[in-house]
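Notes for the one structure printed next.
Residue numbering restarts at 1 for every chain, and letters A, B, ... go by the order of the sequence lines. We use all heavy atoms of the structure for the numbers below, so side chains are in, but hydrogens, waters and symmetry mates are not.
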Amino acid sequence: MLDIKFIRENVDIVKNACKVKGFKDYTDEIIVLDTRVRELKTLTQTKTAEKNKITKEIPTAADKTSLIAKSKTIGDEIAADIDELATKEAELNDLLHRVPQIPSSDAPVGKDEESNIEIRRVGKPKKFNFELRPQWDLLDMNNWWAPEKIAQICGTRTYALMGEAAELDLAIQTFVIQKLISKGFIFVQCPAITKPQTIFDAGHFMGSDLSVMNNDVFMLTDTDRCLAGTAEIVLNSLHCDEILPESELPIKYAGYSPCFRKEAGAAGRDTRGLVRFHQFHKVEQYIYCKPEQSDEMHELLLNNLFEIMEDLELPYRVIASSTGDMGFNKVKMHDVEAWFPSEDAYRELGSCSSIGEFQARRTNTRFRENGTNDVKFCATLNNTGIALPRAIVPVIENHQNADGSVNIPKALQPLMGGRKTIGGRK
RNA sequence: GGAGACGUGGCAGAGUGGUUGAAUGUACCUGACUCGAAAUCAGGAAUACGGGAAACCGUAUCGAGGGUUCAAAUCCCUCCGUCUCCGCCA
């Protein structure tokens, strides 16, 4: 969420953000409510001060009865104002949670992904001198999965990796985790089970009614819990209600967790292959820093993902997301897309987001500034480290051989017992 | 799953209805003493919101929310969390 003071003083900026991001503009209602709320606060506080004063005199007063009566009268007056205040504050709070983060001035303006801009391209799609096999053929012929069986027993959008593909999955995860650890990230294994409030605090959802997330999030029946769609959720709340010393910033986390998503809006899409599932596994990069460090940290996070693409020897490109495509809570977002030969296209493997103070305001995560002793909200950022099994797809497709075997990228070979290839017709 | 105990400031720990935003200890910051340090002494220091140019003033906060009362850290209810024992278990 944004600071009400900021909204009050920068109505035009906020209105513009609503417009370019494609969200309904509630600023006018907010300003009216805010004015009334402050009026009521001043009023009730003045009356409360008066009442407190009388109450304090009661124990030592000669005539207690009249003071008690007086105090009671003021109490009744306050009660009426408090009622209105509570209602108005709840309304205001709900609307404040519907105001989007202000996008960065360097983000492309546009209403959807049509306006996204490619800003970087590394590596060239390899020319194959044989007929390349799409992922599902490679997986079939090497017995690396069992899609029909798994769908039958576990339902659609589930998968099981088998044999060398399962090993490869684990090797990629381990590789990325070790890499991030070597760069000073703290490795955190995050729970996937969490409370709805935690998901809400990550700022992907609007308003104050938590039930809005039911469409996207798996709720656990008969409990107050649900399944997180990313480790970002838990990492984002890891320091809630804390005041961190400035000297500790930036804090970098590499979170690993299973991720659960309903994929309600993706019916019929990516139903074949290892691309889209209700459960997948992800290493997530997450940073807490000072607001002025955001851009630097954004580059750092992006570069880590570039390195990972290069270590996996994948051709990739980078997309600057437009205002309309980046989402409710983001300042800016870059997608990293790897080359998927079978689709003759680049597809998203990771998404790097700069959130500013938006999430920290929801989680109340702050830091104390060295010189001034002021308490300020942290900025947060997140980027994918690697998401599996999707990342398996470009690895096996790009590195396939004519016999259906797959070359292991050099960086992964030590984690695959030194093997240089897996699979293939014996 | 069964039984019990508990949740106060950075930490420890008083406080069972009124002058307690909260004793005391400790950690922290500043000053004095010192060549410097330790020790000692003096002082300072929470967060949010509202008002104010500011100094500052007011209100709220003793896990969270609600209730009783003129008045709640203190009494009642609900929820959350922690700990101990038993059971179960990777």
Nearest-Å distance for atom pair CG/P, residues L85(A) and rG50(B):
12 Å
For rA90(B) versus rC83(B), give the span between their P atoms, rounded off to a whole number of Å.
22 Å
Using whole Å, what does the distance between atom P of nucleotide rG65(B) and atom CD of Q197(A) come to?
13 Å
Of K5(A) and D224(A), the one whose closest RNA chain B nucleotide lies more 5'
K5(A)
For L168(A), run the side chain to side chain contact (heavy atoms under 4.5 Å, CB included) check against Q173(A), R419(A), M416(A) and tell me which one passes.
M416(A)
Scan R8(A) against the nucleic acid and name what it touches under 4.0 Å (heavy atoms): base, sugar-phosphate only, or nothing.
sugar-phosphate
Pairwise C1' distance for rA5(B) and rG10(B), with rounding to whole Å
26 Å
Residue mapping more 5' on RNA chain B - nearest nucleotide basis, K64(A) or K72(A):
K64(A)
Mind checking who rG31(B) pairs with, Watson-Crick or G-U wobble, both distances under 3.5 Å?
rC41(B)
Watson-Crick or G-U wobble partner of rG18(B), both distances under 3.5 Å
rC70(B)
In whole angstroms, the gap separating P of rU69(B) from CD1 of I78(A) amounts to 16 Å
By the Watson-Crick or G-U definition, both distances under 3.5 Å, rG25(B) is matched with rC11(B)
Would you say rG51(B) has OP1 or OP2 under 4.0 Å from some side-chain N or O of K41(A)?
no
Out of rG18(B), rA48(B), rG50(B), which has the shortest distance to the side chain of V375(A)?
rA48(B)
OP1 or OP2 of rG58(B) sitting under 4.0 Å from any side-chain N/O of N52(A)?
no
Determine whether D34(A) and K5(A) satisfy the following criterion, salt bridge (charged side-chain N to carboxylate O under 4.0 Å, His left out), listing intermediate values before the conclusion.
CA-CA 10 Å; D34(A) 173 51; K5(A) 282 182 192 158; over 6 Å; no
NA contact type, T42(A), heavy-atom cut-off 4.0 Å: base, sugar-phosphate, or nothing?
sugar-phosphate
Can you check the R362(A) CZ to rA48(B) C1' distance for me, whole Å?
19 Å
Atom NZ of K56(A) to atom P of rA72(B): distance rounded to whole Å?
13 Å
Pairwise P distance, rG52(B) and rC6(B) [rounded to whole Å]:
47 Å
Describe the nucleic acid contact of K51(A) in one word from base, sugar-phosphate, nothing, applying a heavy-atom distance below 4.0 Å.
sugar-phosphate
I'd like to know if the side chain of T48(A) reaches the main chain of T44(A), judged simply by a donor and an acceptor atom lying under 3.5 Å from each other, with no hydrogens or angles considered.
yes
Salt bridge flag under 4.0 Å for residues K183(A) and E307(A)
yes
I'd like to know if D28(A) and K15(A) make a salt bridge, using a cut-off of under 4.0 Å between side-chain N and carboxylate O.
yes
Is the F328(A) ring parallel, tilted or perpendicular to the F23(A) ring (thresholds 30°, 60°)?
perpendicular
Could you check which of rG58(B), rG51(B), rA60(B) has an atom nearest any side-chain atom of A49(A)?
rG58(B)
Could you give the distance separating rA32(B) and rA37(B) at their C1' atoms, to the nearest angstrom?
15 Å
Identify whether any heavy atom of K195(A) sits under 4.0 Å from a base atom; if not, whether one sits that close to sugar-phosphate; answer base, sugar-phosphate or nothing.
sugar-phosphate
When rounded to the nearest Å, what value does the distance between P atoms of rA48(B) and rG43(B) take?
27 Å
Rounded distance (Å) that lies between atom P of rU59(B) and atom CD1 of I74(A)
13 Å
Using the C1' atom as the reference point in each nucleotide, state the distance between rU68(B) and rC75(B) in Å, no decimals.
8 Å
Would you say the ring centers of F260(A) and H278(A) fall short of 6.0 Å from each other?
no
Indicate whether OP1 or OP2 belonging to rA46(B) is found under 4.0 Å from a side-chain N or O atom of R368(A).
no
Measuring from the side chain of I243(A) (C-beta onward, heavy atoms only), which nucleotide among rA71(B), rU47(B), rG58(B) has the closest atom?
rU47(B)
Watson-Crick or G-U wobble partner for rA3(B), using a 3.5 Å limit on both distances?
rU84(B)
The Watson-Crick or G-U wobble partner of rG65(B), with both key distances under 3.5 Å, is rC77(B)
Opposite nucleotide pairing with rG36(B), Watson-Crick or G-U, both atom distances under 3.5 Å
none
Here the distance between atom P of rU19(B) and atom CD1 of I58(A), to the nearest Å, is 12 Å
Which nucleotide, rG50(B), rA60(B), rC70(B), lies nearest any side-chain atom of T48(A)?
rA60(B)
On a whole-Å scale, what distance lies between the C1' atoms belonging to rA71(B) and rU16(B)?
15 Å
What's the gap between rG18(B) and rU74(B) when it is taken at their C1' atoms, as a whole Å value?
11 Å
When the distance from CD1 of I82(A) to P of rC49(B) is rounded to whole Å, what number comes out?
18 Å
Under a 4.0 Å threshold between the charged nitrogen and the carboxylate oxygen, would E263(A) count as salt-bridged to R157(A)?
no
Under a 3.5 Å cut-off for both contacts, is rU59(B) paired Watson-Crick or G-U wobble with anything, and if yes, with which nucleotide?
rA48(B)
Does a side-chain N or O of R38(A) approach OP1 or OP2 of rG51(B) to a distance below 4.0 Å, or not?
yes
